Number of protein chains: 2
Amino acid sequence: MVDRVVAYYEAKEERVAALVSPLEVERILKARTGEGLCVSGAAMSEDAVMQSLEAVLETSVRTQHPLFLNQLYGESSAVSVGGEAALAVLNTNAHTYEVAPALTLVERAVVERVGRLVGWERVDGLTTSGGSMSNLYALHLARHAADPEVAKRGASGRSAPSCAFVSEDAHYSFLKASRVMGLGDDNLVAVSTDRASGAVDVDSLEAAIEKSRAEGRVPFFVGTTAGTTVRGGFDDLGAVSEVCARHGLWHHCDAAWGGPALLSESLRAAMRGVEACDSVALNFHKLLNVALPCALFVTRHPRSFGVNATHAPYLFQDEKPFADLDPGDKSIQCGRKADALKIWLAWRAEGDRGLARTVDACVDLARRAADKVRTHPRLDLVFEPTFANVCFRPSPRQIAALDDPDARARAARRLPPLVKREMHARGCALIGVTTHRYAGDAPFFRLVVAHGNSLEFSDLERTLDLIADISEEPALLAEALSQ
Amino acid sequence: MVDRVVAYYEAKEERVAALVSPLEVERILKARTGEGLCVSGAAMSEDAVMQSLEAVLETSVRTQHPLFLNQLYGESSAVSVGGEAALAVLNTNAHTYEVAPALTLVERAVVERVGRLVGWERVDGLTTSGGSMSNLYALHLARHAADPEVAKRGASGRSAPSCAFVSEDAHYSFLKASRVMGLGDDNLVAVSTDRASGAVDVDSLEAAIEKSRAEGRVPFFVGTTAGTTVRGGFDDLGAVSEVCARHGLWHHCDAAWGGPALLSESLRAAMRGVEACDSVALNFHKLLNVALPCALFVTRHPRSFGVNATHAPYLFQDEKPFADLDPGDKSIQCGRKADALKIWLAWRAEGDRGLARTVDACVDLARRAADKVRTHPRLDLVFEPTFANVCFRPSPRQIAALDDPDARARAARRLPPLVKREMHARGCALIGVTTHRYAGDAPFFRLVVAHGNSLEFSDLERTLDLIADISEEPALLAEALSQ
């Protein structure tokens, strides 16, 4: 099986993805193995198991393809795939030094490196199962720092609700975390962003904090973003830190997407002020091509992890050799995969410079794509790019020429998903479609460059031209223009 | 690297683990690569990266070894390692059908299979990053079902605290989850267990619920355990379900460890009544030897996942083909690894019967080990085994012969960790040491059998004898007996 997987990884395929229905997956699986998706409980032959894997590979999206431009992740580097395989055979948990001596030390080394990059003298941290979990850690540790009684007595004992602040463009995981934590949607305040840059409006932030306080709520947290999900915008970390200092709030930076800018000489300025943050989330599985998942949460307040300590006697005993190195009591999990190995190996293989080259290449490709869109007669740039995201939409002459503004608007709304679907069905590229409050009603393409080492600009150019061409194909236009 | 990893996996090693200090890891790494653990930022040669991996393998614990008897997990089966490698090259997230068509369907198939095993007509579920996260989902969904306003307004708006109930032997993740959720330690009530069986005392549970209500708290959740962490005890799920029905509470069963009993004809009775539960946590990476992590949370209330929905427009659009199959809005994460592939492949390879054989073999080995302990002149059984956990302690004649009861008690407290450390240092077996309120002050060994397919009873016998022998070694005894 491993041989087959390696061959899949090394193969160069034309198509990014087939637009495959569940019925087709079922049919392909049945044809190969005699059984569909359902787990029947019968044991299969070795060959049928291999064919099951084959069917999964065949009906999956090829995220390793340079034209998978759909998400904030893409390929996994060879060294990180090797690291993942090592984790599967080491098959242990980063909860105690005893069962994971090398792996807990490797995690510690990665945490320390990131702490130095951020500019902190003290640091502690953990890999988590993703950026959403890192943001949950941030809110949780911050609430505990502000009000340690909650961990013991619960939030319902507090007369005034705690509240947190993020920008309108912050990741939706803050909202999910607010619900999990019993903060509630009402107590996660979304502050407006600057139309041009996508950065949080710092004056509005301070006004929102003061307003919440006047309403009897207790502000405790500001979550900024370095590299917003849709636009790739960077909040002004230094300015927000000043606001947080004035009001005594925890400042967490969600740098899951944009954090690798710290490695780049030309991009580091976008993270100016990050050293004043209290915690940072950073994902290595996004721009840096480490096999999913490889997400890190770091803080300059090591003791804040104390909220998670439960001192379970079956795992954590003081008499154990090197028990002080056990990371388990810092986590909200018990078992935890030692994902840090993947970035540790990748960092050794590529060095700061190699990683920086990847980041710079992605951002450079995105800038060139935006330049191409800007001058393209049938494409419109939606936002000036600030990172590796390119937001644009097709604007075919046939729609622009419509007299009826309602019909024009309707067609503009319908077109992008149709074009996307057609691209997907042909397997030529996969690019997401979304909306944004500063981009009118119509959806647009959000093209993400996360293949810094394999994507050629000529492929990107060809893809943009193809989007413009498909947008003018008669059948598709007819569907967009229909009542 | 993958070749090296496969060779490591296939090698048969004598030693389970070296007792290696951080300095030794550093020294071995430096000797092999010229650099220590620290991420210096310099790029290394390919050979040095390979040597880095080599040093990690060399200084790691060999959990694949049948005498790794330390945790509720052990080896990873070959088919699941293949599945993990496939996930690393497919490198995608189970958040949308679009980017993970086959993988989201595979997850669905596993969820449905487990739903049928439990005995439910309707089921929905997700793989999570571990059993702790599954228990967090349970508490979170249950609170939302009981009080949907919390998600919007937050817990602090509620005058009466919500409260949840688990047994004293429940996993500590319930406590961690209570803190994250703002319930607080005070509102997680630990109910006493039966001394003989380790099951929650159902009368005490009902009394605790009534007492909490009388105190003005709002009970909403009972978490039972099928296979407790230390003893392997099973709560009476049917009886607790009746209590929950009477009081209108969500009944979650943490079957992370014991759940595979559902597959075994002879053990299934221990799970009687599970079909009346509202949700279940089940880990395939424990007894069933699937590569870590492979944890599942299932519920018979599919709509309860609604609390996590945020409808992020960049991921979830109704016009997308098969958008109704997107699992992302059910999760508290954004990206989420498609771990279900590993158990799906393993289930096809081994069938119900193959998996059941593994479970039965573990439990049988544990019973035989307990029999051996029971009749051993220098070992004491601490609990009658109810699953694959064997709790025992050495009782050397030299300690029993001490006249001074204080000295006897002190020596008994000191001995097990010393013996464990010696076993660890010799690399002959790794077995955990813990305490329990029904086992006096002295720690004892908790031996866990999670290697149903590779562990020979003769090895287990030899290990038990070795523990008895080491316990009587003069140097070690002297340390235990010293003032």
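Below, chains carry the letters A, B, ... as their sequence lines are ordered, and counting in each starts from 1. The shown structure was predicted, so the numbers you read here are calculated from the model rather than taken from an experiment.
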* Would you call B:Lys152-A:Asp185 a salt bridge at under 4.0 Å N-O? -> no
* Has the side chain of B:Arg421 got a donor or acceptor atom that lies under 3.5 Å from a matching backbone atom of A:Pro321? -> no
* Asked: What part of A:Trp347 gets closer than 4.5 Å to chain B, counting heavy atoms only: side chain, backbone, both or neither?
  -> both
* **Residue A:Val150 versus chain B: region with a heavy atom under 4.5 Å** => both
* **Which portion of A:Thr92 sits near chain B, non-hydrogen atoms under 4.5 angstrom** => both
* Asked: Quick one: side-chain hydrogen bond (donor to acceptor under 3.5 Å, both in side chains) partners of B:His140, sequence neighbours excluded?
  -> B:Asn308
* Under 3.5 Å: donor-acceptor pair, side chain of B:Thr59, backbone of A:Ala102 -> no
* Asked: So which part of B:Gln71 gets closer than 4.5 Å to some heavy atom of chain A, the side chain, the backbone, both or neither?
  -> side chain
* To do: Would you confirm whether B:Asp352, through its side chain, and A:Ala42, through its main-chain N or O, come within 3.5 Å as a donor-acceptor pair?
  => no
* Structure fact -> Bottom line for B:His285: the part with an atom under 4.5 Å from chain A's heavy atoms is neither
* Asked: Is B:Glu319 salt-bridged to A:Lys420, cutoff N-O under 4.0 Å?
  -> no
* Sort B:Glu149 into side chain, backbone, both or neither according to what part of it lies under 4.5 angstrom from a heavy atom of chain A. => neither
* For the side chain of A:Arg179 and the backbone of B:Ala309, is there at least one donor-acceptor N/O pair under 3.5 Å apart? -> yes
* To do: Mind checking side-chain hydrogen bond (donor to acceptor under 3.5 Å, both in side chains) for A:Glu58 and listing every partner two or more places apart, or none if nothing turns up?
  => A:Arg32
* Asked: Tell me, side chain or backbone of B:Val230 under 4.5 Å from chain A's heavy atoms, or both, or neither?
  -> side chain
* List the steps and the verdict of side chain to side chain contact (heavy atoms under 4.5 Å, CB included) for B:Leu90 and A:Leu57. => CA-CA 8 Å; B:Leu90 288 171; A:Leu57 296 175; 3.9 Å; yes
* Of the backbone (N, CA, C, O) and the side chain (C-beta and beyond), which part of A:Pro417 lies under 4.5 Å from a heavy atom of chain B, both, or neither? -> side chain
* Per-residue contact mode, A:Asn70 against chain B (heavy atom under 4.5 angstrom) -> side chain
